[in-house]
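Residues take their numbers from the sequence shown, with the count starting at 1.
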Amino acid sequence: MIPMQTGSLDTHTLRNLPWGADVRAVLAAALDAVDPQPAVLRALHADERIAAAVKASHRVLAVGAGKAAYPMALALEQFLGDQLEGGLVVAKDGHLPAENELRRVRAVEAGHPLPDGRGLDAARKIAALLQSAGPDDLVFCLISGGGSALLTAPVEGIALADLQQLTGLLLRSGAPIQRINGLRKHLELLKGGGLARLASPARVVTLILSDVAGDPLDAIASGPSVPDPTTYADAWQTLEHFGLLAGAPPAILTHLQRGLRGELPETLKSGDPIFARVSNQLVGSNALAAEAAAAKARELGWNAAVLTTRKEGEAREVGAALAQLARQVRLEGIPLLPPACLI
């Protein structure tokens with residue numbers, strides 16, 4: 001039995017899976033460990049510096065983007081109450097409830113994985129809100145998977161249609177998300193530390209729910225408040241490596257070429273003084289889900305191990321390899337004796 005990543009499951013689906021109660025319990029434990037609302041609340045209550053920062057701030061604002069933006073914002077409202085002045089978060093279509101319980105933060109939906117005009121409008125409003133923040137203000141940034149497409153603000157000279165065309169090419173190319181987001185950071189205003197730049201000199205606290213293997217903070221939602229290790233040269237090399245130079249919009253090629261020539265500033269790098277007033281905290285990840293699943297399996301009497309939280313590849317190929325591993329457990333007791341739970 002090999003429980004896989006469970007990001008697309010919910011409690012309703014779990015109750016209807018044709019598996020045993022033990023398997024459902026293991027999967028439920030993984031989901032509970034990364035449930036956005038309690039994950040954010042745990043992080044907020046665990047860090048005394050956050051409460052101190054809130055108390056010392058003139059205004060407290062919230063912005064965010066991702067599939068989990070709504071429950072993350074709900075947790076923030078629950079924690080801050082009247083101390084939260086307002087804000088805006090953007091979620092994927094279908095990820096807002098019929099009855100909106102948010103009272104101070106506005107939540108809107110936008111297109112994913114292809115960005116659309118609603119995401120562009122939300123990004124512009126978030127940018128304006130960030131630029132209104134002063135040195136005595138505190139901005140909470142709520143980031144989860146999908147944030148790159150949902151928070152789209154192209155640089156001058158690049159149109160939304162250009163980004164839509166490029167996104168389609170990248171998705172069909174098979175490029176890994178780290179490479180895709182490295183390119184996006186050099187074409188948009190809020191990515192690659194851009195959100196932190198716009199919010200400066202306000203203090204920024206970013207709470208991050210990871211959907212990227214290995215949890216590189218600069219790759220999750222294209223790292224809006226994180227230093228960017230990639231360059232214009234890396235962005236150009238991504239297009240070149242995946243054979244996209246011929247199909248990429250001319251405006252994007254022109255922009256990248258200007259960056260290569262040093263005519264445009266690079267994204268924010270580690271050591272930039274802006275990050276002295278920015279903290280980035282991981283509140284949920286695949287690793288946390290996997291460890292919770294293993295703990296539950298052991299509680300139920302299984303031999304359990306987390307094999308990896310970094311496995312990537314074509315699902316059909318990975319599935320075949322995992323099936324062989326399950327057969328090896330059953331026939332040879334390697335790497336664990338049955339009953340085994342390999343995660």
Checking [Y] against [X]: is there a side-chain donor and acceptor pair closer than 3.5 Å?
X	Y	result
N280	S225	yes
S222	R184	no
S57	K55	no

Whether over 12 other heavy atoms sit under 6.0 Å from [X] [atom1]:
X	atom1	answer
E48	CD	no
R42	CZ	yes
R261	CZ	yes
R277	CZ	yes

Check: [X] side chain, [Y] main-chain N or O, donor-acceptor pair, under 3.5 Å:
X	Y	result
N181	Q178	no
S173	L170	yes
E101	L74	no
K191	L151	yes
Q281	I208	no
S210	S285	no
H255	H186	yes
D116	A110	no
D162	A159	yes
S200	R197	no

From [X] atom [atom1] to [Y] atom [atom2], the distance as rounded to the nearest 0.5 Å:
X	Y	atom1	atom2	answer
L217	T206	CG	OG1	9.5 Å
H95	L150	NE2	CG	9.0 Å
T167	L183	OG1	CG	8.5 Å
T152	Q164	OG1	CD	8.5 Å
L189	L130	CG	CG	11.5 Å
I50	F79	CD1	CZ	6.5 Å

Do [X] and [Y] share a hydrophobic cluster, counting only Ile, Leu, Val, Met, Phe, Trp and Tyr and linking them when any side-chain heavy atoms are less than 4.5 Å apart?
X	Y	value
L256	L264	yes
L260	L166	yes
L282	L142	no
V204	L190	yes

**OP:** For side-chain hydrogen bond (donor to acceptor under 3.5 Å, both in side chains), just list the numbers for Q78 and Q37, CA-CA rounded to whole Å, side-chain angles, deciding distance to a tenth of an Å, and then say yes or no.
**Re:** CA-CA 10 Å; Q78 184 177 341; Q37 188 172 350; 3.2 Å; yes

May I ask you to test the [X]-[Y] pair for a side-chain heavy-atom distance under 4.5 Å?
X	Y	value
L44	L76	yes
L163	I158	yes
V26	W302	yes
V205	V139	no
V105	L88	no
I143	P224	yes
L207	C141	no
D137	V60	no

Salt-bridge present ([X], [Y]; N to O < 4.0 Å):
X	Y	value
E85	R59	yes
E188	K185	no
K296	D22	no

